[in-house]
Amino acid sequence: MNTCRFCLSNELLEDRPLFENNSYYVLGMREVERSHGAMVVLKRHAEKPFDINDREWSEIGGPLAFAKEMLRPFNASGYSVGWNVGDPAGQHVQHVHLHVICRFEDDPAAGLGINGLIGKVNGLIP
């Protein structure tokens, strides 16, 4: 926990939250290949979304709506919204965070859902 870059108390977060409520904050995606995305991050340190409590679940709507509104200028045709849970699933930071990623009709992975994003990142889809 002391080295978790998503725990605000550690002051390791390199960017600033764009929105906050009691339980979550929202960040823009920094990776070039995912610049059309955002993350909804749980403020309390927990590793998996299965650890989110009832109060936290009830407060996720506001940050999720903010993330969608923040991404509106990209004119997305759709969105992929999902969690990576555990190393085999691609969770690189062991702190709960929900990805909100714009999807576009002209993307080679259009129509393939989250699996298309995985294939694109792994070089299976051009």
*List the steps and the verdict of side chain to side chain contact (heavy atoms under 4.5 Å, CB included) for Glu20 and Leu8.*
CA-CA 11 Å; Glu20 292 184 61; Leu8 295 176; 4.3 Å; yes
*For the pair Ile101 and Tyr79, evaluate side chain to side chain contact (heavy atoms under 4.5 Å, CB included) and give the outcome as yes or no after the intermediate values.*
CA-CA 5 Å; Ile101 302 169; Tyr79 301 88; over 6 Å; no
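Going from atom CD1 of Ile52 over to atom CD1 of Ile60 covers 5.5 Å, rounded to the nearest 0.5 Å. Separating the CD atom in Glu56 from the CG atom in Asn22 is a distance of 10.5 Å, to the nearest 0.5 Å. Rounding to the nearest 0.5 Å gives a distance of 7.0 Å between OG of Ser23 and CG of Asn53.
Every residue two or more places apart in sequence or in another chain was checked for a side chain to side chain donor-acceptor pair (under 3.5 Å) with Arg16, and none qualifies. Residues satisfying the side chain to side chain donor-acceptor pair (under 3.5 Å) test with Asn21, not counting sequence neighbours, are none.
Between the side chain of Glu14 and the main chain of Arg5, no donor-acceptor pair closer than 3.5 Å is present.
Considering every non-hydrogen atom in both His97 and Met39, the closest pair reads CD2-SD, 3.5 Å. Across every non-hydrogen atom of Val40 and Ala67, the tightest pair is CG2-CB, 4.4 Å. Annotation for Ala38 and Val26: closest pair CB-CG1, 4.4 Å, computed over non-hydrogen atoms. When every heavy atom of Asp87 is checked against every heavy atom of Gln94, the shortest pair comes out as OD1-NE2, 3.0 Å.
Between Phe19 and Phe66, the ring planes lie parallel to each other; the angle is under 30°, not in the 30° to 60° tilted range.
Put simply, the side chain of Val41 reaches to within 4.5 Å of the side chain of His95, judged on heavy atoms.
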